[in-house]
Amino acid sequence: MNTIDQTAPTLPKRLLVNPSLLGFLALIVISAPLFWIGFAALGRAWTTPEYSHGPLIPLISLYLFLRELRGKTDLPNGTPCNRWPGVAVIALGSGMAVLGNLASIPDIATYAFIIWVAGLVLLCMGWAEGKRHQLPVLHLVFMLPLPQYVYWKMTVFLQGVSSELGVMVIRFAGIPVFLDGNIIDLGPYQLLVAEACSGLRYLFPILSFSYLMAILYRGPYWHKVALFIMAAPLTVLMNSFRIGVIGVLVNSYGIDQAEGFLHFFEGWVIFGACIAILFLTALVLQRTTGGARSLSDVIDFDFAGLGDHAKRILHIKLTPSPMVATLFVAAVATAFVILPGRDVPPPQRTDFIAFPTQLEDWTGTTFVLDQQVEEVLGANDYINSIYTAPSAAHPVQFFSAWYASQTEGEGIHSPEVCLPAGGWEIFQLDKQSVTIPNTAYETFTVNRAIIEKDFEQQLVYYWFEQRGTRMTNDVAAKLSVLRDGITLGRTDGALVRFVTQIGQDEDPADADARLQTFMAQALQQLPDYIPE
């Protein structure tokens, strides 16, 4: 069923505008403030290499939707059409957007927008027909940045996989190579497989393209599924091959092969190769089943008549009751967003630069992180200090990163994600209750990890300071940001980490005692620098 007229109805001369079209436009205008913070965040995300393909996604989704209208016939006047599911879905999307605004989390608003668009399709076309046109709406997901937690998990995982496979390519070329975390050691040269080399900047657009191919492919359903599923492993394999080729070139011709235009050019070559392989796979699938022999017969890239289908929106017909109910829902939801809210002052704190370098007999030296590490960290303020004491067998490193907001790309990176990238392996990780007298939390739980690299071991304590609560689970910390953003108007937080070496002949319990002795001094100062 389709309730969009293919031919313009005969309207009285005094009625110059379709009332349903006016209601449709009014709904868009009223609802726009709900998603504004999401749109603004999308604009910023689309300027980054990983999501630079984003502006193309809505255009592709529109093409897919108009393409699906071909051959659709209109319902005769008076045909029953259930539009209330559309009202319910729009209400759900609007409610999610309100939560995103109250918590100041743009990601929630952007995902809510896709739900809202799905509801709009159901409202305009009715349940029976509208549910068949949700694939173009689902395609809009590819324009959204991943939630930060998922992004960093995927980045580190893909860095590790790409490093391992890239080293295999180098070894296949007969070149001796050693892999230390994400550092490829060629002897005279060392290559860092950085976040930008993880393959995510290829994965997102290629996933979108494979989704598009799966929809346009003329063939069995299982062929479509295969084309879409193969995109992710294909991208990882080709990116790993690129890293391996760079390693071979660097070994033969010098470090310049890993920098500048050549590195950029190699990336585009790999991207184009992935697209070509997808097309070739589509042809092979067709020919193995006796199907079409040419690419134009395999993929339906027909643009004929799309303009005429787009004009059908001018003659949309909407039943008054669902339209009025939808406008009411949108108006109420928007009122929650645009009405003046609480004026929550920013938390008062002292910058880490003022953190004492003398804590009783502990003397500290502060170090600045590399610029690239600072950019990845994304913190508003941090401290990276090493403290020594005459009575301590080994120094203690104190690191903390504070974020004024954890709602848009900013946020805490768990050491579980970051440590493996530096070549450290987590030998043991568990929760441990510690008691530090004369501090804000005398007894609390920390993540206790023993990490190792080559023949060295270190003991790590870390946790997440979340607005007066100490947490050990990074997912729970992220969820608390949503809760406190709504209830307190605050989304600040920090990572706190203490590290000390475990000596060759030292019992780990001695390292525990050393960390806790230093923490007894440092944690007394912490509330001034991390607001509770």
Side-chain angles (χ1 to χ4, degrees), residues 49-72 114 121 131-144 146 154 158 161-162 165 169 198-245 265-307 309-310:
E50 287 78 8
Y51 303 108
S52 57
H53 65 285
L56 297 176
I57 300 301
L59 299 177
I60 296 173
S61 291
L62 178 61
Y63 161 71
L64 291 174
F65 179 75
L66 295 177
R67 176 183 169 277
E68 289 182 350
L69 292 182
R70 293 180 304 182
K72 298 289 183 180
I114 295 180
V121 172
K131 66 183 180 181
R132 302 174 185 173
H133 292 270
Q134 294 300 318
L135 286 179
V137 178
L138 183 60
H139 180 258
L140 290 173
V141 170
F142 295 107
M143 75 178 180
L144 305 182
L146 286 173
M154 286 188 63
L158 291 176
V161 172
S162 299
L165 295 178
V169 173
S198 66
L200 281 182
R201 63 179 56 180
Y202 309 126
L203 180 60
F204 295 141
I206 289 176
L207 278 175
S208 170
F209 189 84
S210 65
Y211 184 90
L212 173 64
M213 280 191 62
I215 292 179
L216 302 183
Y217 177 80
R218 293 186 175 112
Y221 182 78
W222 74 268
H223 285 192
K224 296 174 178 283
V225 173
L227 285 171
F228 179 67
I229 290 179
M230 72 174 290
L234 173 64
T235 304
V236 173
L237 288 173
M238 293 300 290
N239 184 59
S240 302
F241 177 74
R242 178 180 75 95
I243 292 172
V245 169
F265 176 73
E266 288 166 342
W268 276 105
V269 168
I270 294 302
F271 178 81
C274 289
I275 300 299
I277 291 173
L278 286 173
F279 277 126
L280 181 62
T281 303
L283 278 171
V284 171
L285 287 173
Q286 280 281 346
R287 294 187 180 187
T288 54
T289 55
R293 309 290 293 181
S294 66
L295 187 60
S296 60
D297 295 328
V298 175
I299 307 296
D300 180 14
F301 280 120
D302 184 8
F303 290 88
L306 294 184
H309 292 301

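Since the model is a prediction, treat every value here as computed from it, not as a measurement. Positions are given from 1, in the same order as the sequence printed here.
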Q: Scan residues 219-231 for pairs that pass side chain to side chain donor-acceptor pair (under 3.5 Å), counting only residues two or more places apart or in two chains.
A: Tyr217-His223
Q: Check the pair Val245 / Arg242 against side-chain contact (heavy atoms from CB on, under 4.5 Å), numbers first and verdict last.
A: CA-CA 5 Å; Val245 169; Arg242 178 180 75 95; 5.8 Å; no
**Q.** Heavy-atom check, side chain of Thr235 versus side chain of Phe204, under 4.5 Å
**A.** no
Q.
If I take atom CG from residue Leu285 and atom CG from residue Leu280, how far apart are they, to the nearest 0.5 angstrom?
A. 9.5 Å
Q: Please list, chain by chain and in numerical order, all residues satisfying side chain to side chain contact (heavy atoms under 4.5 Å, CB included) with Val121, sequence neighbours excluded.
A: Phe65, Met125, His133, Gln134, Val137
Q: Give the C-alpha distance, both sets of side-chain angles, the deciding distance and a yes or no for side-chain contact (heavy atoms from CB on, under 4.5 Å) between Leu234 and Thr281.
A: CA-CA 11 Å; Leu234 173 64; Thr281 303; over 6 Å; no
Q) Looking at CG of Leu212 and CG of Leu56, how far apart are the two atoms once the value is rounded to the nearest 0.5 Å? A) 11.0 Å
Q: Side-chain contact test, heavy atoms from C-beta onward, threshold under 4.5 Å: evaluate it for Leu158 versus Asn239 and give yes or no.
A: no
Q.
Taking salt bridge (Lys or Arg N to Asp or Glu O under 4.0 Å) as the cut-off, I'd like each qualifying pair that reaches into residues 227-236, sequence neighbours left out, listed once.
A. none
Q. With sequence neighbours excluded, what pairs up with Ile229 under the side chain to side chain contact (heavy atoms under 4.5 Å, CB included) test?
A. Val225
Q: Flag the pair Phe142 / Phe209 as yes when their ring centroid distance falls below 6.0 Å, and as no otherwise.
A: no
(Q) Measuring only between side-chain heavy atoms, which start at C-beta, is Ile243 closer than 4.5 Å to Val169? (A) no
Q) So which pairs with a foot in residues 205-215 pass salt bridge (Lys or Arg N to Asp or Glu O under 4.0 Å), sequence neighbours left out? A) none
Q: Work out which heavy atom in Val298 is nearest to a heavy atom in Gln286; give both atom names and the distance.
A: CG2-CG, 3.6 Å
Q: Indicate yes or no: at least one non-hydrogen side-chain atom of Leu216 is less than 4.5 angstrom from one of Tyr63.
A: yes
Q.
If I compare all heavy atoms of Phe271 with all of Ile206, which pair ends up nearest, and what's the gap?
A. CE1-CG1, 3.6 Å
Q) Quick check: are there more than 12 heavy atoms from other residues, nucleotides or ligands sitting under 6.0 Å from CZ of Phe279? A) yes
Q: Search all heavy atoms of Ala273 against all heavy atoms of Met238 and return the closest pair with its distance.
A: CB-CE, 3.7 Å
Q) Minimum heavy-atom separation for Met213 to Ile299, with atom names? A) CE-CD1, 3.9 Å
**Q.** Nearest heavy-atom neighbours spanning Ser61 and Leu140
**A.** OG-CD2, 3.5 Å
Q: Only counting residues at least two apart or in another chain, list the ones meeting side chain to side chain contact (heavy atoms under 4.5 Å, CB included) with Leu135.
A: Glu68, Tyr211, Ile215
Q: List in chain and number order the residues that pass side-chain hydrogen bond (donor to acceptor under 3.5 Å, both in side chains) with Ser208, two or more places apart in sequence or in another chain; answer none if no residue qualifies.
A: His139
Q. Can you name the nearest heavy-atom pair linking Ser210 to Leu278, along with the distance?
A. CB-CD1, 4.2 Å
